[in-house]
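Remarks on the structure that follows.
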Amino acid sequence: MSGEFFMDIFQDLQARGLIYQCTDTEALQKRLNQGPITLYCGFDPTADSLHIGHLVTALTLRRFQLAGHRPLALVGGATGMIGDPSGRTSERTLNSPEVVASWTEKLKKQLSRFIEFDGDNPARIVNNYDWIGSLDVITFLRDIGKNFSVNNMLAKESVSSRLEKGISFTEFSYMILQSYDFYKLYEMYQCELQVGGSDQWGNITAGTDLIRRLSQEKVNVYGLTLPLITKSDGTKFGKTASGAVWLDADKTSPYAFYQFLLNVDDQDVVNMLKVFTFLSLEEIEELAQEVATQPEKRVAQRTLAEEVTRLVHGPEALKRAVNITKAFFQGEIKQLSEQEIKEAFRDVPSATITEASLPLVDTLIQVGAAKSKREAREFIRNGAITVNDRKVTSVETKVSDLEQIAGAYLVIRRGKKKYYLCELSV
RNA sequence: GGGAGGAUACCAAAGUGGCCAACUGGGGCGGACUGUAAAUCCGCUGGCAUUGCCUUCGUAGGUUCGAAUCCUACUCCUCCCA
């Protein structure tokens, strides 16, 4: 199902709702039909991991590659040191060079999962530190800066929206660097297209302008932005109460990642399938029918969760996530073997206790199920605590009162979905 | 540089000497219902403790039997004038 070859990439993107703005729709469509094109998209190291929002653009690069084009994934080792004002209401705090460098490496690794480095149209990962890092001030101001008009820069949304509150020269200059990236990639790899999120429009057009100015003959380069993915209620997709949904397995476990997608609203799931999977539009249409006729089966959600988790974390992690889900929501935890418990609870908070007489109230705190004894008691009184499939009702319960799995494990459930593992070693 | 106002728990916002661990709304968390849903309803939302204690209302002091509330200094924020 994935790995399909799209004859008309532009049409496919359009049908998936992935096109927001384009510098010249007709010309770009024509160019794409003429043959392979090199395109790029940048990712700045503003955190130690990409999140699910970045997936939209990363997967778009892959869509282009599947259609026979050559994607470049740019990691902003240099621009990450400056800070993009786009879409921000206030100045960013600068990170140290060491931090930026280590984040850059992490992003590189994550991005490489989504694109193919072999074959006829191999992708490439580039780091703009390689050409910006060595740029000297005179070159920057004289050769590059001369092509920018401050009047123009002030008009860009990313800058104008900040004029009231204030913006530093550093962030103000950001668009020049990003434009220079596009220019360098055009020069080095004949990169003709830059793709980015909708907030990148200003930076992207600045880049196409720069290339035109610096080129002797008339050239055509294109910019394309993708929409911000929102839910039906208008809020941004990918935000949870506990923060962003990360692609790094250490920050958001594969199980949590899988669950996040499994719980997508009926109203949103079809859109998400279009944006986050490589399923054909026909396959997605079939799933849309399922949502309409048998929403309670949640076939679409299941498919979405499986496809994306496999894409991001691989088949093994997906299998674990599914197994954990089965044990938690369908199976009886008591039936699990010690081996299975260890496997299933790899991604779940756990603690080891050494004292059999420990009150359950304290155990809940140790595993992280409750913040204080008061809260722990409240959970028990409300009937929110289940240990090894048995509801606990007495606040006085001690660990030794409870039946253990495989003689050593307590699987604690709080509420409907939160699980904690407690290992007893006396 | 001058003037006015403000800082309360996750957020918003009451309270202006004891009845304040602090109204209310949002959020969050639990329960019922359910499709691991939406909507709805109910409960909880500083800590410890078997009705008592401890720490909280920008920071540091002071007044008082007693302060989130009054006084002093400081820090930060907003607005107005220059």
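Per chain, numbering begins at 1; letters A, B, ... match sequence-line order.
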With rounding to the closest Å, how many angstrom separate the [atom1] atoms on [N] and [M]?
| N | M | atom1 | result |
| --- | --- | --- | --- |
| B:C11 | B:U16 | P | 23 Å |
| B:C23 | B:C44 | P | 12 Å |
| B:A21 | B:A68 | C1' | 11 Å |
| B:G31 | B:A38 | P | 14 Å |
| B:G6 | B:U55 | P | 30 Å |
| B:A39 | B:U51 | C1' | 39 Å |
| B:A73 | B:G3 | P | 14 Å |
| B:U56 | B:A22 | P | 16 Å |

Expressed in angstrom and rounded to an integer, what is the separation of [X] atom [atom1] from [N] atom [atom2]?
| X | N | atom1 | atom2 | value |
| --- | --- | --- | --- | --- |
| A:Arg381 | B:G43 | CZ | P | 16 Å |
| A:Arg302 | B:G35 | CZ | P | 13 Å |
| A:Arg413 | B:U36 | CZ | P | 12 Å |
| A:Glu375 | B:A21 | CD | P | 22 Å |
| A:Ile385 | B:G43 | CD1 | P | 21 Å |
| A:Glu378 | B:C29 | CD | P | 13 Å |
| A:Lys373 | B:G47 | NZ | P | 13 Å |
| A:Ile380 | B:G30 | CD1 | C1' | 13 Å |

The single option from A:Leu39, A:Leu193, A:Thr208 passing side-chain contact (heavy atoms from CB on, under 4.5 Å) against A:Tyr222: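 In the set A:Leu39, A:Leu193, A:Thr208, the residue that makes a side-chain contact (heavy atoms from CB on, under 4.5 Å) with A:Tyr222 is A:Leu193.
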
For a side-chain contact (heavy atoms from CB on, under 4.5 Å) with A:Tyr258, tell me which candidate from A:Arg320, A:Arg310, A:Glu306, A:His313 qualifies.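 That would be A:Glu306.
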
Under 4.0 angstrom, heavy atoms only, what part of the nucleic acid is [X] near: base, sugar-phosphate, or nothing?
| X | result |
| --- | --- |
| A:Lys417 | base |
| A:Lys418 | sugar-phosphate |
| A:Phe329 | base |
| A:Arg374 | sugar-phosphate |

Would A:Phe237 and A:Phe276 satisfy ring-ring contact (aromatic ring centres under 6.0 Å, His included), going step by step from the backbone distance to the final call? CA-CA 12 Å; A:Phe237 181 76; A:Phe276 289 104; 5.5 Å; yes

Could you pick out which residue, A:Lys371 or A:Asn263, lies toward the 5' side of RNA chain B when each is mapped onto its nearest nucleotide?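 Looking at RNA chain B, the more 5' nearest nucleotide goes with A:Asn263.
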
Closest nucleotide of RNA chain B for A:Asp266 versus for A:Lys391: which of these residues is on the 5' side?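 With A:Asp266 and A:Lys391 compared, the 5'-side residue is A:Lys391.
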
Can a side chain N or O of [X] be found less than 4.0 Å away from OP1 or OP2 on [N]?
| X | N | result |
| --- | --- | --- |
| A:Arg414 | B:C29 | no |
| A:Lys297 | B:A37 | no |
| A:Ser372 | B:C48 | yes |
| A:Lys416 | B:C29 | no |

Pair assignment for [N], Watson-Crick or G-U wobble, requiring both distances under 3.5 Å:
| N | result |
| --- | --- |
| B:G43 | B:C29 |
| B:A38 | none |
| B:G1 | B:C81 |
| B:U75 | B:A7 |
| B:G18 | B:C65 |
| B:A12 | B:U24 |

Pair A:Phe148 + A:Tyr180: ring centers closer than 6.0 Å: no

What I want to check is whether an N or O donor and acceptor connect the side chain of A:Gln259 with the base of B:U36 at under 3.5 Å.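 Yes.
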
Which nucleotide in the list [options] gets nearest to the side chain of [X]?
| X | options | result |
| --- | --- | --- |
| A:Arg377 | B:U36, B:G35, B:A49 | B:A49 |
| A:Asp265 | B:A37, B:G30, B:G35 | B:A37 |
| A:Asn382 | B:G30, B:C48, B:G35 | B:G30 |

Carefully, step by step, assess A:Glu116 and A:Asp118 under the rule side chain to side chain contact (heavy atoms under 4.5 Å, CB included). CA-CA 6 Å; A:Glu116 192 60 51; A:Asp118 305 310; 3.9 Å; yes

Step-by-step ring-ring contact (aromatic ring centres under 6.0 Å, His included) determination, A:Phe64 to A:Phe10: CA-CA 9 Å; A:Phe64 272 100; A:Phe10 199 89; 8.5 Å; no

List the atom of A:Ser49, the atom of A:Leu247, and the distance in Å for their closest heavy-atom pair.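 In this case the closest contact between A:Ser49 and A:Leu247 is OG-N, 3.7 Å.
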
Taking atom types as modelled, is there a side-chain donor on A:Glu375 or A:Ser372 under 3.5 Å from an acceptor on the other? no

